[in-house]
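Structure, as structure tokens:
Computed over heavy atoms, backbone and side chain alike; hydrogens, waters and symmetry mates excluded. Every chain is numbered from 1 and lettered A, B, ... according to where its sequence line falls, protein lines coming before strand lines.
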There are 2 protein chains.
Amino acid sequence: MSNIRDVARLAGVSVATVSRALSNPEKVSDESLEKVHNAIAQVGYRPNMLARNFRSARAYAVVVLVPDIANPFYSLFIRALEDRAQQKGYAVLLGDTRGTPEREMEYIRRVETRLADGIVQLRPSSEKSQNNIPPDIPCVNACGCEYTTGPAIRIDNRAAAKTMVNYLISLGHKRIGVISGLKDNPHAIDRLEGYKEALADAGIPFEKDLIAEGDFTMWSGLNAAFQFCNMKVRPTAVFSMNDEMAIGAMQTLKNQGIRIPEDMSVTGFDDIAYAKYSDPSLTTISQPAEEMGKMAMDMLLKVIEGEPLSQRECVLPTEFIIRKSTGPAPGKK
Amino acid sequence: MSNIRDVARLAGVSVATVSRALSNPEKVSDESLEKVHNAIAQVGYRPNMLARNFRSARAYAVVVLVPDIANPFYSLFIRALEDRAQQKGYAVLLGDTRGTPEREMEYIRRVETRLADGIVQLRPSSEKSQNNIPPDIPCVNACGCEYTTGPAIRIDNRAAAKTMVNYLISLGHKRIGVISGLKDNPHAIDRLEGYKEALADAGIPFEKDLIAEGDFTMWSGLNAAFQFCNMKVRPTAVFSMNDEMAIGAMQTLKNQGIRIPEDMSVTGFDDIAYAKYSDPSLTTISQPAEEMGKMAMDMLLKVIEGEPLSQRECVLPTEFIIRKSTGPAPGKK
DNA sequence: TTGTATGCGTTATCAC
DNA sequence: GTGATAACGCATACAA
């Protein structure tokens, strides 16, 4: 494997000139430049980035901490993040934590040991469940929810949820079930707030029994729906806090002979690709996953480079998408 | 930021001892070990992996080249790959190529410049579309198809497809449509072979018109299904080469008033999570994505370490899963 | 078991 | 514009 010295020798210049020819070509005469390039081509030289990174004390890599890469919302986000990183000359180290703090620590350690320059955190964290990232390491929260302290990209979960529930109310629904995430999940907390606000605005009393707890998997949605089926007075609409659970729930409802949306309306959150192809297609809230990924990367790079941020937190707009899983409350028109 | 010298000084030993204490603790006396650990704790020392990797000429990282991380089959595979990599102390650099050779080259360059030690290639490549990975760089193909030259993890696409089509034939179907991938896609080629073999075994003539070309996206499946709807004599079953296209196709068929499986059976391939929750649930072939991910990582590490491979290629079994999207051909029982 | 000394490939500082 | 050379932090061959 040839190194910079081999190139220098062959080109008849010093190593300094070769180095400059590669990183600051404008500081080198055209003549030298050509000699260097010829030599490089001749020996098939490839700069050793390990050495370069070591020397410049930069990994040119960032870690993305994601609860589960197999979740389509996250994979979309990461695709955009990676795209931007590539543009900027950075690598993305995949940090699928599978929800365990131990694995999360492993990855945080990677930046402490200089293998990465910063972190994009996708795990939502509230006051309770702090993310254990030391304050001195560059980090951007892109979990999309409130209660973060550092730089963050997020959406207004409360407002989005409220919009959705308002819509259901406008369709005549008064008894609206919720399939929530785990109780202490920040997304779930924010979205539940929005639900409550919408009810309050309409003068509908809040009923604790209408909240079914899930964990954002299809399976949990499937399960939660049974709770509604078995109620003496069923809800006429179900607000699910993500699309997967909504899809799972619709499965249960249809199996129980409940027609969607004639007997019961169902809504989701995220607008994953399958939401459009579910049966019926899902009314949902679209999060700008790709936009979020790009912005998170840009933001993190600024933090790494020490540039000032124009704003600590960036709240991106969501889009309310009406499809066929929602309709007038039974008996209404 | 403290370095190994600071630790050595504080512990009252040499840097060599500190280095050994960290990487070969068995070569250091218990006494020194304790002194070193105390010193490390005291100054909050974190080894600079950039330096270590540089020195040992190893990145302890691998690149995974994936056509699209947002595809659920791939994300499942990668999750397993990453899990295994983490266990072995390796990082996974995400290489989402979006199908472009340019981006693929970018990533190959990353290992040429020592930022990664090897590549897991998920893009299928045939004789025509070679993967342009230089022969000297460690690489494992895990695209799951034939025609690879180097180390590979794959499934028997042809046999799996044949099993599926045999099943349809056993249900009385004689006119079986295919939603294929792009014509030159190796997966598509192999699976089409299996389809043809099954037909031949049953004495059913092959009809070119029954092949609709897609590109493995839901949208293309949706589109392809129209081709069948508009035929004078419609097929009674459709063999789709992946689940996404099958889900898209079912959407079209249902919209056209075609009942599944009463009027037409539909089958998929991959068994992604949504296959179980589609309407109706999808009969499909399950690929051992996670197993493949783990094995690919293990195999690549052997190549990197220069260990001999017990077998160049490893063919993993698939599972045939019958759900509700298939039934007897119309008129049969 | 431990310490000393050298070098990994590059960039950057300085003199020329 | 160019060249000589000193770092960067660590692992390791060799000597003790």
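- The neighbour count for Arg109(B) CZ, taken as heavy atoms of other residues, nucleotides or ligands under 6.0 Å away, does not exceed 12.
- Side-chain N/O atoms of Ser56(A) include none lying less than 4.0 angstrom from OP1 or OP2 on dT10(C).
- Of the residues Met295(B), Met297(B), Glu290(B), the one that meets the side-chain contact (heavy atoms from CB on, under 4.5 Å) test with Arg84(B) is Met297(B).
- Rounded to whole Å, the distance from NZ on Lys27(B) to P on dG3(C) is 16 Å.
- At whole-Å resolution of the value, OH in Tyr45(B) and C1' in dG9(D) are 7 Å apart.
- The interatomic distance linking Asn48(A) (CG) with dG9(D) (C1') rounds to 15 Å, in whole Å.
- Among residue pairs with one or both ends in residues 15-60 of chain A, those qualifying as ring pair (Phe, Tyr, Trp, His ring centres under 6.0 Å) are Phe54(A)-Phe54(B), Tyr60(A)-Tyr90(A); sequence neighbours excluded.
- The environment of Glu31(A) atom CD is sparse: at most 12 non-hydrogen atoms of other residues, nucleotides or ligands sit within 6.0 angstrom.
- The distance from atom CZ of Arg55(B) to atom C1' of dA5(C) is 12 Å, rounded to the nearest whole Å.
- One finds the CZ atom of Arg52(A) at 7.5 Å from the OG atom of Ser19(A) (value rounded to the nearest 0.5 Å).
- For dT2(C), the OP1/OP2 oxygens have a side-chain nitrogen or oxygen of Ser32(B) closer than 4.0 Å.
- Put simply, Phe54(A) does not rest on the base of dT10(C): the two rings are not both less than 5.5 Å apart at their centres and under 30° in tilt.
- When rounded to the nearest whole Å, the span between CZ of Arg58(A) and C1' of dG9(D) equals 18 Å.
- For the pair Asp30(B) CG and dT2(C) C1', the interatomic distance rounds to 15 Å; values are reported in whole Å.
- Open room surrounds CG on Asp30(A); 12 or fewer heavy atoms of other groups in view lie less than 6.0 Å from it.
- Between dG1(D) and Arg20(A), no contact under 4.0 Å exists linking OP1 or OP2 to a side-chain N or O.
- In terms of polar N and O atoms assigned as donor or acceptor, the side chain of Arg52(B) never comes within less than 3.5 Å of the base of dA11(D) in a complementary pairing.
- No hydrogens or angles considered: a donor-acceptor pair under 3.5 Å links the side chains of Gln287(B) and Asp270(B).
- With rounding to whole Å, Leu50(A) atom CG is found 14 Å from dA11(D) atom C1'.
- Across the protein-nucleic acid pair, Leu115(B) atom CG and dG9(C) atom C1' stand 13 Å apart, rounded to whole Å.
- Nearer the 5' end of DNA chain C, as judged by each residue's closest nucleotide, is the contact made by Glu26(B), out of Glu26(B) and Leu22(A).
- Scanning residues 2-19 of chain B for heavy-atom distances under 4.0 Å to DNA chain D yields Asn3(B), Ile4(B), Ala16(B), Ser19(B).
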